Amino acid sequence: MSEAEILPGQTEDGSLPSVFTEEFSLNLGPQHPSTHGVLRLLVRLSGEIVVDCKPYLGYLHRGVEKILENRTYMQGIRYVDQFDYVSGMLNEHSYVGAVERLMQLEVPRRAEYLRVVVDELSRICSHLVAIGTALLDLGAWTPITYCFRDREEILDLFEELCGSRLNFNYHRVGGVLFDLPEGWVAKCLSFLARFERSLDELEEFVNGNELFIARLVGVGVITPEMGIAYGISGPSIRGSGVNFDIRTYRPYSVYTELGFEPQLATAGDCFARYLVRMAEMRESVRMVRRALEGLPEGPVRARMPHYLLPPKGETYFSIESSKGELGVYLISDGTANPYRVKVRPPSFVNLQILPELVKGQKVADIVAILGSIDVVMGEVDR
Amino acid sequence: MDIADEQGHETPVLRQGRPSQLPSVLEKLPLPNVVLATTETVLNWARSRSTWPLTYGLACCAIEMMATGMPQHDMGRFGVELFRPSPRQADLMIVSGTVSLKMGPRLRRLWEQMAVPKWVIAMGDCATSGGEFWDSYHTVQGVDTIVPVDVYVPGCPPRPEALLDGVMRLREKIQKAGFYRPVELDGPSVEAIMGLAEEGGGES
Amino acid sequence: MRPLISVARRPTPDSRLVAAAEIVRGHLGPRLLSISYQAGDILCLEVDRSDLLATATFLRDAPELRFDFLSCVSGVDMVSHMLVVYHLHSLSNRLTAQLKVKADAREPVVDSVSAIWPTANWHEREAFDMLGIQFNGHPNLERLLLVEGFVGYPLRRNYQLPRRRWPHGRMVEEGGPVDERS
Amino acid sequence: MLPQDYFWGYAFVAIFLLVGVLFAFIAIMMSRVLGPRSTGGDKLRSYESGEVPIGPAWVQFPVHYYVFALLFVVFDVEAIFFLIWANSFRRLGLAGLVEMAVFALVLLGGLVYAWKKGVLKWT
């Protein structure tokens, strides 16, 4: 049997295996409803079972880290919003926090409380979008409309506070930009009360629904060791029972005073991650309520020179964004522009485990797993 | 393809104020309930009231586009109801977000695969002109260098109302457009336009 | 101009961090090029390129340290040399460490730690893509973020951003991306 | 009905058929006449979410999907017969019941055979 006559998949002695099947490669490409943005998955299937999955990134790469090196610290806050564009406030907090840590700057307590309020509201927005789109990918049209209805109310609060719905530009080095407008606290508290009822409504949709239980329970299980080895952080790792939450692991801001407890689940599958996100939203509501009730008086921003010149040096500061540990490694050479800003985006790291989870599963489960890992491409591609 | 649409009709200065219920080109006949109109008007009237967008969310503007599609702002009232994932069934491509160099050829391919008559809305500063990434090494400075754009919606991200205004302007533009002649898609490939290496068939 | 803000006071490092530092100094001894504390709660180490893998396995497996969570691998172009910085968390002992490795500025080559922490895979591919740092032993070191035909390493200091102007609305690109080396 | 009317009856049927066919034909042809077409570029290349399709789509698919579909068709048709029989259940009486039982048992035998062959076992 010369080389040419052997058909692909044919055994040496020339007999065809009993059932000869070929693999089929498919592009879940950049423009796909379930990839939450421009992510391309080159998937090799044998029938319905996924044999291999290779993610391709870079479709939204804008070179923000290089641009940040050509902008002053003040201008850079604008670009940091674009990383995780569903929870803008958390990105700004990480960048601004890194500069403050570099300068060992004391931020006024009122500013810290305001930061907790806007961060947790931003986290609720992000979880609402995450859960809404994950369920939309499984074919449920109604939950996303409920999620976006609540999110609109938060965006109205943000717009009243800092004038923008998505790219807030609200944090400043040394505090925050504006103080709370009149009546904002009352509006926010009434929203929180309504929001807890709509969370129960959302849970009615999903927890009892055997469709979602069949699609999400036992799918894409992340074991604690695998999660830590792959550097997974955020709700994805807390779904597997690992108590890793930056707000308690390396406490920053005033989370310890507000008595924050991380939310955990043990199963580690898609449903556990969904439960962790729902529990985190309730915890965020408690945080915002406590922060608003205990809001201290005082200035909203430390007295800062107009022309900000942080000292030479480097620092690594990370916060708990809605997707996981959002770290900023900042090197400054004493000039007005940062020398190097390396961002550790949680989505970029959490996405690495997708090929591991997807092998051997069915094609439809890729969508469920990707929805549960909650990836935002602005953060993955930077 | 210049900025004016294919038939060379300059976009007329849009009348402000309430868009008329009945396109003014219809002639009212004395007979009750009988209206005379050219096929072109009826076709454009139908096309302008039901432009189905392609699910093409790139970046932050995609979240605002989704918010516009949701019940509060409800793009569906204006016919932009169903987000079609496949370009074969979509008439309108809302480019919402930053188009990177890697995404450019794909965007052009998606646009070519859409069925004529098709329209493009460049949503947000990044799609209109590269926006805040004006000096980025990996961003296409404006979608109109790749595909012909009909309506530009400024803003970063534009508020849902701004996108709705863009949709209304597109409506009036479609209503006034003449008969849609077949589009010949020759001309240099996108890679040549963007000076990138000719993209192979992708790795197997 | 003298910065108006109070000069950074050196916060005292907490006891567990100092204990961890002693263990590392005991184990590595002369191979440890430098050890310091960053703002009191990050242990900064620097080792030579050759014994990076040994240090990494020690940091992960030592019972008192157990830095099992690699948070971030960053490549930095310090013009005189290339720097690869690893940030590590120890979930059980609640410690954070930073490991620095210097590499040559023109042809940076560093051993890959993706065997020790699988999460390093994409971090290193991104550092290779952006700065051209070669990682020996990396399973598939290829381009991750940039477009297929991209020339040059954007995050290097000698890579200038394209300078663009928009006279009368038409874009004019004066200096294109400049990268003398490639 | 007069003899010559007899043939007129068929004329109505013919007209009815003609109008039906013409109506469908015009509806389909209308889009070809009025709707423009764009050709060239990547228009005719198969759509794979923006990418160039990799590898042929006509591959040797695992066979059990096909066999499962066959089984479904068989039992779908069986359901139709059950429906018809169920409509006039009382009038058919015992004879109808026995016939349908035999019919069902034969198909059940087929199902058991397929089951034993492991067709239903999804990999």
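Predicted, not measured: the structure shown is a model, and the values here were computed from it. Letters A, B, ... mirror the listed sequences (proteins, then strands); counts begin at 1.
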Q.
I need the A:L39 CG to D:S49 OG distance, nearest 0.5 Å.
A. 10.5 Å
Q. Is chain D contacted by the side chain of A:E23, its backbone, both, or neither, given a heavy-atom distance below 4.5 Å?
A. backbone
Q) Which pair of non-hydrogen atoms, one from D:E51 and one from A:Y59, has the smallest distance, and what is that distance? A) OE2-OH, 3.0 Å
**Q.** Identified side-chain contact (heavy atoms from CB on, under 4.5 Å) counterpart of D:P62 within the set A:L45, A:T21, A:I49
**A.** A:T21
Q. Above 12 or not: heavy atoms from other molecules or residues under 6.0 Å from CZ of D:F81?
A. no
Q | Over 12 foreign heavy atoms within 6.0 Å of CE, D:M30 | A | no
Q) Side chain of A:E22, backbone of D:Q60: donor and acceptor closer than 3.5 Å? A) yes
Q. Looking only at atom types and distance, does a side-chain atom of D:E48 sit under 3.5 Å from a main-chain N or O of A:N27, one as donor and one as acceptor?
A. yes
